[in-house]
Protein chains: 2
Amino acid sequence: MNRSFSIDSILARKPKRKIGEDRLIRVFLQSANLWRRFHSLGTEMIVTKSGRRMFPTLSVIIAGLDPVKNYVVMVDLECIELKRFRYSFHQSKWISTGPGESELPSRMFVHSDSPARGAHWMRSPVSFDKMKLTNNQLDNNGHIIVNSMHKYRPRVHVIEQDEAKTRHTFSFEETDFIAVTAYQNHRITSLKIESNPFAKGFRECEVQDMAHLQVPANFQSVLPFIFPYFANLTANAEQ
Amino acid sequence: MNRSFSIDSILARKPKRKIGEDRLIRVFLQSANLWRRFHSLGTEMIVTKSGRRMFPTLSVIIAGLDPVKNYVVMVDLECIELKRFRYSFHQSKWISTGPGESELPSRMFVHSDSPARGAHWMRSPVSFDKMKLTNNQLDNNGHIIVNSMHKYRPRVHVIEQDEAKTRHTFSFEETDFIAVTAYQNHRITSLKIESNPFAKGFRECEVQDMAHLQVPANFQSVLPFIFPYFANLTANAEQ
DNA sequence: ATTTTCGCACCTAGGTGCGAATCT
DNA sequence: AGATTCGCACCTAGGTGCGAAAAT
């Protein structure tokens, strides 16, 4: 059957979308499983004067950008509960202790690839591993300033570099964390040690069977190389 | 005395320069003294399959850019003598041995800050320390491909990101080098070891006076911690 | 005979939590 | 008492030339 359309109805149609218009930008969290393991325990992030990385690292996969348009990608921290927290070792949980610090707008961590075309951002996961948190309110190293014992949620911002500078913002509940100067929940400590390669030194290795170990035949010839080392240790200890 | 000008002579004058036009871009070599010490001996750069950094690092100070205009900064290598070289240990000098490989156009090392505004490039020295040289003609890590035993001169290119894409190219005689897979001139080796922090392990330290060193009092108590280590070494050696 | 490759010990540079000391 | 700081040992990650072995 043939269909006919009135001129009016045709003119009333929305214009076809132009390429690059009304795109649906999507952002997916990387390492979501690891984030969830921390989240279920109550994620803590160490914060220091000189700046400390986050672990897990915030890293996202971005889709739906215009490959040839330029974008700036950045992260900031939203203080998601305006109160101060304290960890009750007794109850093994965080309890709020009154209103928190008045929160200034968070600094932005601009990803160093910015600005770059959509094709670049979508080619591979975008990692914010260089981002550091500090509790130094006077920091001038460009680190993100937070208040210890407060709760934050990272936000990823994708800004189109045209006249409109349209901003798209994404965040993930799994990445909530409380800023601390020292870990409170020892389960968090354990999970960090277990999963962060840089903390491998604190992992409890499986105890090896050392029954077969013997003093090597050449041990005597090796001793002279050891003496200065220990002598040095002693000398230092005496200072 | 009054001077008069004919209408014609006034019309024949060049128009006044507009801001941002006909700028005199200048590029200065960093660490020029170090480069000259190598150059006077005949600089050699190690080249490997997996890629090797240059030392000294090519680093330049850029001046005369338009602060708000965008530029791309890149480096390539010009093969400056189309012949193959050989080091005569006898005469302690490089001698040419016939025509070299036919040289394909060099790959470009694009500085990772590109594109950026003139203000950014002029703010601090622009270092190409991430650039790596390879002799693998099939390299797909984006390293700069060179022929061993050939002579090169790095070129710095500054490209204006406008319609014209004007390219300005700079190079420095002090940065000439011969690509090698192993150092030929032992004076070059010595100067590399002396000046490259990563080669500190090969420096001849001043021999310390160890007369004061003695076996520490607690040496016996420490021994158990050493035994497994050496036993391990021996076990490995026997495998 | 000359040139290249490869594993290695030894570095630089910097990211971990620990625990004693200190601050508030 | 709770929160923070700081030096430290122990890691990751990767840039050095060495020297034996291999390739050409």
Side-chain angles (χ1 to χ4, degrees), chain A residues 44-57 84-90 94-95 97 101 129-137 141 146-150 178-186 188-205 225 233 236-237, chain B residues 44-57 84-90 95 97 101 129-137 141 146-150 178-186 188-205 225 233 236:
Chain A
E44 301 173 23
M45 293 288 176
I46 293 281
V47 56
T48 68
K49 212 166 123 181
S50 59
R52 196 79 151 191
R53 290 188 178 181
M54 291 199 294
F55 188 89
T57 297
R84 188 183 180 78
F85 288 88
R86 190 174 74 76
Y87 189 73
S88 163
F89 290 91
H90 217 60
W94 289 91
I95 54 187
T97 62
E101 310 286 330
D129 57 334
K130 298 289 186 295
M131 185 167 92
K132 286 187 174 183
L133 311 184
T134 183
N135 56 347
N136 180 7
Q137 303 289 329
N141 299 303
V146 298
N147 286 314
S148 186
M149 301 303 177
H150 285 63
I178 292 182
V180 295
T181 57
Y183 290 128
Q184 303 294 308
N185 181 347
H186 66 84
I188 288 292
T189 313
S190 299
L191 188 48
K192 296 253 184 181
I193 288 174
E194 180 191 318
S195 51
N196 188 335
F198 288 110
K200 191 174 278 183
F202 299 99
R203 292 184 192 166
E204 293 186 36
C205 321
F225 297 101
L233 283 185
N236 286 337
Chain B
E44 300 172 26
M45 293 292 177
I46 293 279
V47 56
T48 68
K49 213 164 120 181
S50 60
R52 196 79 151 190
R53 289 189 178 179
M54 291 200 291
F55 188 89
T57 297
R84 188 182 180 79
F85 288 87
R86 191 174 73 77
Y87 190 72
S88 163
F89 291 90
H90 215 62
I95 54 187
T97 61
E101 309 288 328
D129 57 332
K130 296 289 184 296
M131 184 167 92
K132 287 187 173 183
L133 311 185
T134 182
N135 57 347
N136 180 8
Q137 303 289 328
N141 299 303
V146 299
N147 287 313
S148 184
M149 301 302 180
H150 286 63
I178 292 182
V180 295
T181 57
Y183 290 128
Q184 304 294 308
N185 181 347
H186 66 84
I188 288 293
T189 312
S190 299
L191 188 48
K192 295 255 184 177
I193 289 173
E194 180 190 317
S195 50
N196 187 336
F198 287 110
K200 191 174 278 182
F202 299 99
R203 291 183 192 166
E204 294 185 36
C205 321
F225 298 101
L233 283 184
N236 286 336

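Below, chains carry the letters A, B, ... as their sequence lines are ordered, and counting in each starts from 1. Computed from a predicted model, the values in this text were never measured in an experiment. Computed from heavy atoms alone, side chains included, the values below leave out hydrogens, waters and symmetry copies.
If you check distances only, the side chain of A:Arg53 never reaches the base of C:dG14 with a donor-acceptor pair under 3.5 Å.
Distance A:Asn141 CG to C:dG14 C1': 15 Å, rounded to the nearest Å. Computed from coordinates, the A:Asn196 CG to C:dG17 P distance equals 6 Å when rounded to whole Å. Atom CG of B:Asp129 is separated from atom C1' of C:dT12 by 13 Å (rounded to the nearest Å). Here C:dT16 presents its P atom at 16 Å from CD of A:Glu194, a figure rounded to the nearest Å. At whole-Å resolution of the value, OH in B:Tyr183 and C1' in D:dT16 are 8 Å apart. The distance between atom CZ of A:Phe198 and atom P of C:dG17, rounded to the nearest whole Å, is 11 Å. Rounded to whole Å, the distance from NZ on A:Lys130 to P on C:dG14 is 11 Å. Rounded to whole Å, the distance from CE on B:Met54 to C1' on D:dG17 is 18 Å.
With respect to B:Val47, the side chain to side chain contact (heavy atoms under 4.5 Å, CB included) criterion is satisfied by exactly one of B:Asn147, B:Ile178, B:Asn135: B:Asn135.
Using a 4.5 Å heavy-atom cutoff, the side chains of B:Met45 and B:Pro56 are in contact. Between B:Val180 and B:Ile46, some side-chain heavy-atom pair lies under the 4.5 Å cut-off. No side-chain heavy atom of A:Met131 sits under 4.5 Å from any side-chain heavy atom of A:Arg53. Side-chain contact between A:Met149 and A:Trp94 is present, with at least one heavy-atom pair separated by less than 4.5 Å. Taking the side chain as every heavy atom from C-beta outward, B:Ser190 and B:Tyr183 never approach each other to under 4.5 Å. No side-chain heavy atom of A:Arg52 sits less than 4.5 Å from a side-chain heavy atom of A:Lys132.
Checking C:dA9, D:dT12, C:dG17 against every side-chain atom of A:Ile193, the shortest atom distance belongs to C:dG17.
Applying the 4.0 Å criterion to OP1 and OP2 of C:dG15, one finds that A:Lys132 has a side-chain N or O inside that range. Side-chain N/O atoms of A:Arg203 include none lying less than 4.0 angstrom from OP1 or OP2 on C:dG17. Under 4.0 angstrom from either OP1 or OP2 of C:dT12 there lies at least one side-chain N or O belonging to B:Lys200.
Positionally, the nearest nucleotide of DNA chain C for B:Gly201 lies more toward the 5' end than for the other of A:Ile46 and B:Gly201.
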Contact state string [nucleotides 3-8 of chain D, B base, S sugar-phosphate only, - no protein heavy atom under 4.0 Å]:
SBBS--
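Note: A:Ser148 OG to A:Glu44 CD = 10.0 Å, rounded to the nearest 0.5 Å.
Taking five base pairs at each end of the helix from C:dA1-D:dT24 to C:dT24-D:dA1, the local helix axes there meet at an angle of 10°, rounded to 10°.
Checked against a 6.0 Å centroid threshold, the rings of B:Phe89 and B:Tyr87 count as neighbours.
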